[in-house]
There are 2 protein chains.
Amino acid sequence: MTQYDKNSRFASKQAYEVIRDRILNGDMPGGTKIVEEKLAAELGFSRTPIRESLRQLNYEGLIVNKKVVQPTEKDLRNLFQVRSLLEGFSAKAAATYLPEEDLNALSNCIKVGREGTMEEIMDANERFHEIIVQASGNALMIDTIHRMKSIIYLFRKTVVLYNRPRLIDEHEEIYESIKARDGENAKKLMEDHLKEDLDFCLHILNSSKNA
Amino acid sequence: MTQYDKNSRFASKQAYEVIRDRILNGDMPGGTKIVEEKLAAELGFSRTPIRESLRQLNYEGLIVNKKVVQPTEKDLRNLFQVRSLLEGFSAKAAATYLPEEDLNALSNCIKVGREGTMEEIMDANERFHEIIVQASGNALMIDTIHRMKSIIYLFRKTVVLYNRPRLIDEHEEIYESIKARDGENAKKLMEDHLKEDLDFCLHILNSSKNA
DNA sequence: TTTCATTATTTTGTATACATTTTTGTTTAT
DNA sequence: ATAAACAAAAATGTATACAAAATAATGAAA
């Protein structure tokens with residue numbers, strides 16, 4: 001199952017993955033200065049592929065001004081604003097188009113969400129949204145959301161780690177709406193769901209700020 | 001007024017601009033194969049900055065698989081779908097927040113749209129949408145739309161060049177709604193406006209296909 | 001002719017070198 | 001002590017070289 005990504009033979013891709021992971025799990029916390037030569041030495045590549053990987057990370061918003069991003073509250077709000085528009089639309093589309101197979105996959109994500117380990121829950125959560133996004137059938141929209149994926153991950157960790165209440169219940173409600181082919185409701189529930197995520201993140205953010 | 005962009009001293013930025021312009025005005029039509037060394041020789045730079053510029057063009061969707069993009073009808077629909085969501089939202093936000101100064105700028109775009117030369121109309125058209133997008137106050141949203149800018153330009157040319165009827169009238173209606181602080185209406189009119197643009201583009205596209 | 005295999009050729013990915021630019025650190029004058 | 005000016009160091013942008021990979025061209029077998 002561990003599919004070999006043929007891109008991994010590229011130094012630039014490997015560097016991208018290592019650096020991204022370091023940022024995502026806190027090894028390179030927000031504000032860390034990025035210096036090409038230092039990373040090149042650390043990862044054992046030359047500067048050329050490192051530079052390429054850094055451009056990708058810039059593009060995804062993980063690096064800003066040669067520093068690891070430190071998303072502000074405003075950034076968080078902006079992100080959920082855009083997601084709400086795109087994923088709300090996708091949820092509606094899903095209610096119209098989603099095939100049986102994907103419905104089952106959604107259902108499975110909910111089950112894992114209730115019974116799985118922390119890591120399994122993270123994955124299931126991501127997969128749930130991914131299936132719906134794909135249902136938009138709009139490659140540009142999918143791409144746009146994927147671009148935000150890393151930053152979303154940064155926050156999804158918060159939501160799952162701090163065990164947000166009703167998270168999976170909301171997924172289930174969305175799922176039910178899609179299954180019932182009620183597009184407008186699916187859209188509304190998705191928007192509400194993201195609003196709850198946002199509020200939860202903001203709460204965590206602010207309470208840890210005053211700690 | 002011709003402000004010197006200090007980025008222009010970078011070979012990579014210059015290369016980006018030259019190649020982008022070549023694509024946008026048809027010097028490098030859709031399907032043209034991109035070879036780094038060839039471009040490097042032509043533009044008088046080494047491959048390094050050329051590669052960097054190509055990444056950016058990839059990112060903006062002007063280059064796909066080492067070829068100049070040839071947007072399909074599906075691409076066109078996808079683009080307008082995403083724009084409709086983001087610019088619809090922005091129009092609503094504009095109705096709430098837009099300061100007097102920007103209202104006047106919008107009004108000016110309409111005037112130029114009625115009286116200007118082809119090129120002035122193109123600019124005014126772009127500026128009209130840009131002002132509204134900025135009103136979203138959401139940097140991520142603005143960035144996302146900017147990313148689509150080049151492809152939008154490709155189609156805007158069609159709309160203006162073939163002199164789409166009611167184009168400026170629709171702008172004016174949107175402007176009036178924003179001025180009247182009617183957010184819902186502004187949003188709806190923007191969505192309708194983009195739908196008209198899309199249909200017009202599709203029409204041109206299809207009639208030229210059967211020529 | 002068509003198909004496959006094998007060479008050439010082109011093109012790409014990466015490493016390295018070097019010249020500017022940017023940043024840091026130090027000294028001097030106020 | 002603070003600010004300005006300068007020197008030293010570090011970091012970046014670009015050019016070039018080379019090996020690996022992808023593509024095109026050639027020829028042999030069906």
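In what follows, chains carry the letters A, B, and so on, assigned in the order in which the sequence lines appear, proteins first and then strands, with residues in each chain numbered from 1.
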Distance test, side-chain N/O of R9(A) to OP1/OP2 of dA22(D), below 4.0 Å
yes
Here the pair of heavy atoms bringing Y97(A) nearest to A135(A) is CD1-O, 4.2 Å
Using a 4.0 Å heavy-atom cut-off, does I34(B) contact any base of the nucleic acid, only the sugar-phosphate backbone, or nothing at all?
sugar-phosphate
Toward the 5' end of DNA chain C, by each residue's nearest nucleotide, K33(B) or T48(B):
K33(B)
Within the structure, does a side-chain N or O atom of S12(B) lie under 4.0 Å from either OP1 or OP2 of dT14(D)?
yes
Any idea how H193(B) and H129(B) line up, ring-wise: parallel (<30°), tilted (30 to 60°), or perpendicular (>60°)?
parallel
Considering only side-chain heavy atoms of P49(A), which listed nucleotide, dT14(D), dT14(C), dT12(C), is closest?
dT14(C)
Using only heavy-atom distances, decide whether a donor-acceptor pair under 3.5 angstrom links the side-chain of R47(B) to the base of dG13(C).
yes
Side-chain ion pair, K13(A) and E52(A), N-O less than 4.0 Å
no
Just the rounded figure in Å: distance from C1' of dT16(C) to CD of E36(A).
14 Å
I need the single residue from L79(B), D75(B), D197(B) that forms a side chain to side chain contact (heavy atoms under 4.5 Å, CB included) with F155(B). Which is it?
L79(B)
Reckon E52(A) touches a base, only the sugar-phosphate, or nothing at all at heavy-atom distances under 4.0 Å?
nothing
Rounded distance (Å) that lies between atom P of dA10(D) and atom CD of E37(A)
10 Å
Whole-Å gap separating P (dA20(D)) and NZ (K13(A))
22 Å
Output yes when at least one side-chain N/O atom of S46(B) is less than 4.0 Å from OP1 or OP2 of dA15(D), else no.
yes
Rounded to whole angstroms, how far apart are OH on Y16(A) and P on dT14(C)?
16 Å
How long is the line joining NZ of K66(B) and P of dT23(D), in whole Å?
6 Å
note: L39(B), atom CG; dT11(C), atom P; distance rounded to Å ~ 11 Å
Can you tell whether the side chains of E42(B) and R22(B) come within less than 4.0 Å, N to carboxylate O?
yes
Nearest whole angstrom, please: distance from the C1' of dG13(C) to the CZ of F10(A).
7 Å
Rounded interatomic separation in angstrom, taking NZ from K38(B) and P from dT23(D)
17 Å
